[in-house]
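Notes follow the structure.
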There are 4 protein chains.
Amino acid sequence: MSPPRRPGRPPSQLARTKILKTAHDMLIKDGFGRLTVEAVAAQSGVGKPTIYRQWANASELAMAALMSGGPVKLEESGTNLRSALTAQMRSLVQAFATTRGRQITMTLAAADPESEYTKAFRNQVILSSREAGRALLQEATVRGEVTLPQDVEVLLDMIYGPVYYRLLVGHRPLDAGFAESIVAIALDAVANADRKPR
Amino acid sequence: MSPPRRPGRPPSQLARTKILKTAHDMLIKDGFGRLTVEAVAAQSGVGKPTIYRQWANASELAMAALMSGGPVKLEESGTNLRSALTAQMRSLVQAFATTRGRQITMTLAAADPESEYTKAFRNQVILSSREAGRALLQEATVRGEVTLPQDVEVLLDMIYGPVYYRLLVGHRPLDAGFAESIVAIALDAVANADRKPR
Amino acid sequence: MSPPRRPGRPPSQLARTKILKTAHDMLIKDGFGRLTVEAVAAQSGVGKPTIYRQWANASELAMAALMSGGPVKLEESGTNLRSALTAQMRSLVQAFATTRGRQITMTLAAADPESEYTKAFRNQVILSSREAGRALLQEATVRGEVTLPQDVEVLLDMIYGPVYYRLLVGHRPLDAGFAESIVAIALDAVANADRKPR
Amino acid sequence: MSPPRRPGRPPSQLARTKILKTAHDMLIKDGFGRLTVEAVAAQSGVGKPTIYRQWANASELAMAALMSGGPVKLEESGTNLRSALTAQMRSLVQAFATTRGRQITMTLAAADPESEYTKAFRNQVILSSREAGRALLQEATVRGEVTLPQDVEVLLDMIYGPVYYRLLVGHRPLDAGFAESIVAIALDAVANADRKPR
DNA sequence: CCTTAAACGAGACGGTACGTCGAGTCTTTCC
DNA sequence: GGAAAGACTCGACGTACCGTCTCGTTTAAGG
């Protein structure tokens, strides 16, 4: 009933905070490739074992740092699918069109895909918007606005995949019209219409 | 008229081949994270400087190894857009649904995005199918099969991005129906129809 | 009063011992030219950085290894200058007439003459016998056995220099009579005598 | 009857000269430790094999460079042993009191003591003055100026050894009075005298 | 209040790989 | 057919980090 508190000195919340702060700054400034446990320890004034006690390697630390700001907040105001989805995509693109987006991509690429830590990162940072989008689509279906294709998963990938595709490949920037264009094309594919009889 | 041959011992084509072969095998077997110049040199019986004379680091070497098999061959038979695009996507998915696909993704993520080598890799390995797809779409437009949206670039990203998205994030496999589903949804977005008057 | 212990894990005395032992063996067996930090690390089962943390390069390591056996012990029994100096020279020649002597010479030649490490090596290994000899000469002067020349430094160089000269140039071996001959000639130069009036 | 000309392109005397010049400059400027075949080839505009065709390694090249200026010229004017020997020692000290002296010492220390090249270097550069000194001593003996000790070799080592001893150990400079002091002490040891009856 | 136990900083440890330099050899074209 | 140029294999360099391991020092909970 009592909180099962173990004896001994409890982990320092301050140390954890300093580590994550330093790691995040370093990620933004120098990129994932320069994020070393050694440097984070030195710069945050913390011993290396204190880091290794919480994260197994630099990838996990990077993921923790990228998650530490809380989940990406997505605006989803909108009375119909188009406006809601556009608002969401706009804030998503805005959040990723920075250095941070590229670092998230690189961190994910470097992470052990089987690790629990990686799965949590994936769900919180990468797939949460995809799930939000799925909800929007389902609501719109209920409202009769759209008719979803058989394979909704693929539709979702077609909406959210291009964001990471551009970050990864870098052939084109994540710019302003990107969100609108995606929504427009996606809705053309699913929009209900008397005009789409067959 | 004579071939402008420089003096000195010419680079050994054999060495180059052995290096690329070893690097490719190592990529497939152990992954990009384990591909070290040291190990490639040791395993291919080549000196490290011989590797560094041609590639600046492990990333470039990995890209060279992944390109050394020649470009991915895409089937594009088909009389209409749907069949041609489906054939292409099928062979693309098949080519990437292996370990190689994941390694290509990780290699690209780790590469210096500004390097000339990276750009070549991107064009040859990642974007060549996208360009082929663009050609298919344009031909179909000429034939009157489809009406392209304003932002064709985004449409192309929606077709090819999901492949890398799934490789990168790993939330779903690149399976059989994937190619068909993408083509189906994409064509729904652009298919010409009297049924889509305005 | 308490020993001023710095924080952190203390250097491993075992590692240091293993390194010096290995380096010394290698010096005697293969010579200074073959003493590489790489080989010492491999053979002593120690990481390279552990060596570099204590010595800046192979020269310093070699000097440390040559000093690690403690200073050369010189016998100096003798009631008069001749017997004392002869005893000292005999043990000096014996100590240097081995491979070790040649390695000391080569190590000294290769060392940075300005380095503090080199100076310590010089004083402990090369000049300590010279200083002992100076003491013997001074005592004998006090006893009235000899009259020293103006430039005692040169006299000392004439006594001890030939040892290293033969090691370096190799024109003649460091053999048994060498010690006696040097002492005999040196004493001829300084021996007091009514026979050497003015 | 025809001059015995071998076929093929004759060795370039110019190349040889350039190599030796470059090697000598490099020795004086950067020291023996920095004299690499690579650098000499690059700086003299000659291929490495051209160097290796004539010298087996950097040591031999260094010795050749140090010998290329011709033997050290020693003044030996003097009517009696003291003046002749002093003149000789003065010019010897002067010749070696420069960077060149130290490089000669280091080169000798690094050379393979068994090699023919090393022996030639030793005889021409190191021991020639010693032999000249032996001649002076013998002439003086004939003239009745001095009585040589049993072991003349050791006496010679005591005269010439200190020069290299100071160069090698560096505890004292090769300065002006050095030559005089050595001669003075040496002559005290061998000077004939009624004053030295026993 | 005073053990007890864990987390702390510091930093050395054995390792792996880095990217560079130089050695000495080999292969080609040029005189 | 040797000179010259330059790529080759090889080995060692000295550095950066890895992830682990003592150390001696806090810091809190529980006896």
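In what follows, chains are A, B, ... by sequence order, proteins preceding strands, each numbered from 1. It should be emphasised that the depicted structure is a prediction, and the values quoted were computed from it without experimental measurement. Note: hydrogens, waters and symmetry copies are ignored here, and every other heavy atom, side chains too, is used.
- For the pair A:Arg34 CZ and F:dC17 P, the computed distance is 9 Å after rounding to whole Å.
- Nearest nucleotide to the side chain of D:Glu38, out of E:dA23, F:dG11, E:dA12: E:dA23.
- A donor-acceptor pair is defined here as one N or O able to donate and one able to accept, closer than 3.5 Å; no such pair exists between the side chain of A:Ser115 and the backbone of A:Ala111.
- The backbone N or O of B:Leu27 sits nowhere less than 3.5 Å from a side-chain atom of B:Arg34 that would complete a donor-acceptor pair.
- Between D:Asn57 and D:Val37, the closest side-chain pair of non-hydrogen atoms is not below 4.5 Å.
- Rounded to an integer number of Å, the gap from CH2 of B:Trp55 to C1' of E:dC18 is 18 Å.
- Side-chain contact check for A:Arg53 versus A:Pro11: every heavy-atom pair is 4.5 Å or farther apart.
- Rounded to a whole Å, the CD atom of B:Gln54 is 17 Å from the P atom of F:dG6.
- The side chain of D:Lys48 lies closest to E:dG24, out of E:dC21, E:dG24, F:dC17.
- Remark: C1' of F:dG14 and CD of C:Glu60 are 13 Å apart, rounded to the nearest angstrom.
- Side-chain nitrogen and oxygen atoms of A:Thr50 include at least one within less than 4.0 Å of the OP1 or OP2 phosphate oxygen of E:dG9.
- Across the protein-nucleic acid pair, B:Ile19 atom CD1 and F:dT9 atom C1' stand 11 Å apart, rounded to whole Å.
- Of the side-chain N and O atoms in D:Arg53, none sit less than 4.0 angstrom from OP1 or OP2 of F:dG2.
- Set against E:dC8, E:dC13, E:dG22, the side chain of D:Thr36 has E:dG22 as its closest nucleotide.
- In this structure, B:Ile51 places its CD1 atom 13 Å from P of E:dA17, rounding to the nearest Å.
- Atom CG in A:Leu61 sits roughly 11 Å away from atom P in F:dG19 (whole-Å rounding).
- Closest to the side chain of A:Pro11, out of E:dA7, E:dG19, E:dG24, is E:dA7.
- Listed nucleotides: F:dG14, F:dG6, F:dC10. Nearest to the side chain of B:Pro49: F:dC10.
- One atom, OH of A:Tyr52, and another, P of E:dA10, lie 17 Å apart when rounded to the nearest Å.
- Residues C:Ala39 and B:Gly45 both approach DNA chain F. Their nearest nucleotides, taken by heavy-atom distance, put B:Gly45 toward the 5′ side.
- The side chain of A:Pro10 has F:dA28 as its nearest neighbour among E:dG22, F:dA28, E:dG9.
- Sequence order on DNA chain E of the closest nucleotides to B:Ala56 and D:Leu35 puts B:Ala56 first from the 5' end.
- Interatomic distance, A:Trp55 CH2 to A:Ile19 CD1, rounded to the nearest 0.5 Å: 5.0 Å.
- Nucleotides of DNA chain E nearest to B:Asn57 and A:Ala15 differ in position, and the one nearer the 5' end is that of A:Ala15.
- Contact of C:Arg9 with F:dC21 (side chain to base): a donor-acceptor pair of N or O atoms is detected under 3.5 Å.
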